[in-house]
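Notes follow once the structure below has been shown.
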Amino acid sequence: MAAQNSQVHLVIGSHFEDIELVQIVVEESLRKLELDDEVAHSISLAVGEAVANAIKHGNRQNPEKRVEIDFGVDDNEVVIEVTDQGRGFDPDNVDDPLVADNLLRPNGRGILFMTNFMDHIDFSFKQEGGTVVTLRKRLPSAAMAPGPSEEN
Amino acid sequence: MAAQNSQVHLVIGSHFEDIELVQIVVEESLRKLELDDEVAHSISLAVGEAVANAIKHGNRQNPEKRVEIDFGVDDNEVVIEVTDQGRGFDPDNVDDPLVADNLLRPNGRGILFMTNFMDHIDFSFKQEGGTVVTLRKRLPSAAMAPGPSEEN
Amino acid sequence: MDIGVRKESGVTILEPKGKITIGVGDIALREKVHNVLDEGEKNILINLAAVTTIDSSGIGELVSGYTTVTNRGGKLKLLHLPPKVQDILQITQLVTVFEVHDDEGEAVSSFG
Amino acid sequence: MDIGVRKESGVTILEPKGKITIGVGDIALREKVHNVLDEGEKNILINLAAVTTIDSSGIGELVSGYTTVTNRGGKLKLLHLPPKVQDILQITQLVTVFEVHDDEGEAVSSFG
Ligand SMILES: Nc1ncnc2c1ncn2[C@@H]1O[C@H](COP(=O)(O)OP(=O)(O)O)[C@@H](O)[C@H]1O
Ligand SMILES: Nc1ncnc2c1ncn2[C@@H]1O[C@H](COP(=O)(O)OP(=O)(O)O)[C@@H](O)[C@H]1O
């Protein structure tokens, strides 16, 4: 992600209470892009779901295991990667929470949230173990990020 | 820093505008410790000074160069490390901003801020280049951090 | 999370404020619903007007609450959905599950 | 950063709000002081009551402003220091440099 004009990298332990910290970083980073509040809120929600899954399913709440969040802005897109140290899973083999039989399940809606709130989501799996969720959202061109600041 | 019960790692590019992001992360992390507002504010200010120096003197505002911030809480101490990719300097050879001749200089007060707001500050230099500023502040025992959360 | 509790004509009204999200408000909401049931109340109306954010765990707790209350022969209904929560009930198709009201008086009397 | 400007009996009162910190308010303050000087005004009173945070760059801009104004034969004084700013002027020993007032009327007449 070298050509990006904004890049923040954050690493937390596997504590649910740190999800808010991640969301604050995302919201603060989005604030500079002057995105619509609704859009910023939904990106923040999607990231929260990805980090919750990384902690819960990936790292199984082992506090020693880390979750890494890469927040980047390309010319026209916000790209957030969430990486855990878990064993991965088969995204094609996840129950559909919209099927009538599953409607009353207490969980299984996180990926649905992510796909609804982002333009594109993608899972990849590292050779050495670990899931990477990549969340992408195109920016309206009016909300383009300014280039790197040159103030002194 | 493996035995710490809270640890956040943040990496930013060399943009002054990201100092606020770092401070927000620090303040949010301190909020959980229920520290006195004054104390939290002064830690945040000290970290801001360290990051400003890392960007300005260390990385010389080269946006490609990174500043890393490690925020940790030991049993009784907040420890923040700020690392840049610069060439280092000689801390014993920095002008004293309190000497009468220097009082009207427009700069040279950042380290003074850090030493005043923290209990201990320390500079170290990496073999491969890069300055590490370590900022420490003891916590009043009443404000001890809770252990890793076990909620599900 | 702060959850207000009131009673109106045999209906217990829960009023959560702020976030119903993983580790923040989800467990608090679950516990509150269980407390109400343990006190023998069966009709629960959750006023979501002051909820700023709900994530999939929070939605999960609403669904669990609904199931638990229904299984015990009671009713759980929702009042005053903020637009964000409304959107999420659409996305999750839970609009087909929950009975939602906009008026407290009507909601209370609907428990009959 | 938002910096209000008023005039009282030949004194220009600057009222910065929020943060005077690197990249946020430091340059804005410098520019405002220069603007005032360029308009031929020489007496500047900076009301710091609404400043929430000042860092070493912000302090540096106050000192630069002081030096620039003094070199042009004017005076720069401070009004209403919040406790945090007061502490920092102590730490930096700039209390010995700046004339500080608590009362706007007295501050304005002190320019004589
Ligand atoms: N990072 C991850 N590592 C391992 N498994 C995952 C991860 N993310 C999602 N999953 C799997 O996908 C399923 C569906 O996830 P999701 O839709 O977020 O719902 P929920 O988290 O409520 O189960 C999870 O139950 C889990 O099996
Ligand atoms: N991270 C760093 N890398 C290189 N030099 C540094 C660094 N931090 C501080 N210095 C040196 O120490 C001096 C004093 O720093 P400081 O007290 O913060 O004042 P200022 O930044 O205003 O000059 C700087 O001018 C610089 O020469």
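Quantities reported herein were computed from a predicted structural model and do not represent experimental measurements. Chain letters run A, B, ... following the sequence lines, proteins first, then strands; residues in each count from 1.
Only the side chain of D/Thr96 has a heavy atom closer than 4.5 Å to any heavy atom of chain B. Interface residue D/Thr52: only backbone heavy atoms are found under 4.5 Å from chain B. Residue B/Leu45 touches chain D through its side chain alone, counting heavy-atom pairs closer than 4.5 Å. The contact between D/Thr92 and chain B is made by backbone and side chain atoms together, counting heavy-atom distances below 4.5 Å. Both the backbone and the side chain of B/Leu98 have a heavy atom closer than 4.5 Å to some heavy atom of chain D.
Of the inter-residue distances, the one linking D/Thr67 atom OG1 with B/Arg105 atom CZ reads 12.0 Å to the nearest 0.5 angstrom. Taking CD from D/Gln93 and CZ from B/Arg109, the interatomic distance works out to 10.5 Å, rounded to the nearest 0.5 Å. Between the CD1 atom of D/Ile27 and the CZ atom of B/Phe16 there is a distance of 8.5 Å, given to the nearest 0.5 Å. Taken from NZ in D/Lys19 to CD in B/Glu20, the straight-line distance is 4.0 Å, to the nearest 0.5 Å.
When atom types are taken as modelled, the side chain of B/Glu49 and the backbone of D/Ser56 share a donor-acceptor pair closer than 3.5 angstrom.
Options D/Ile88, D/Leu94, D/Thr53, D/Ile91 differ in how many heavy-atom pairs under 4.5 Å they form with chain B, and the most are formed by D/Ile91.
No more than 12 heavy atoms of other residues, nucleotides or ligands lie within 6.0 Å of CD in B/Gln127, so this atom counts as exposed by the packing criterion. Other residues, nucleotides and ligands contribute only 12 or fewer heavy atoms inside 6.0 Å of the CG atom of B/Asp37.
B/Leu104 and D/Val63 get closest at one heavy-atom pair: O-CG1, 3.2 Å.
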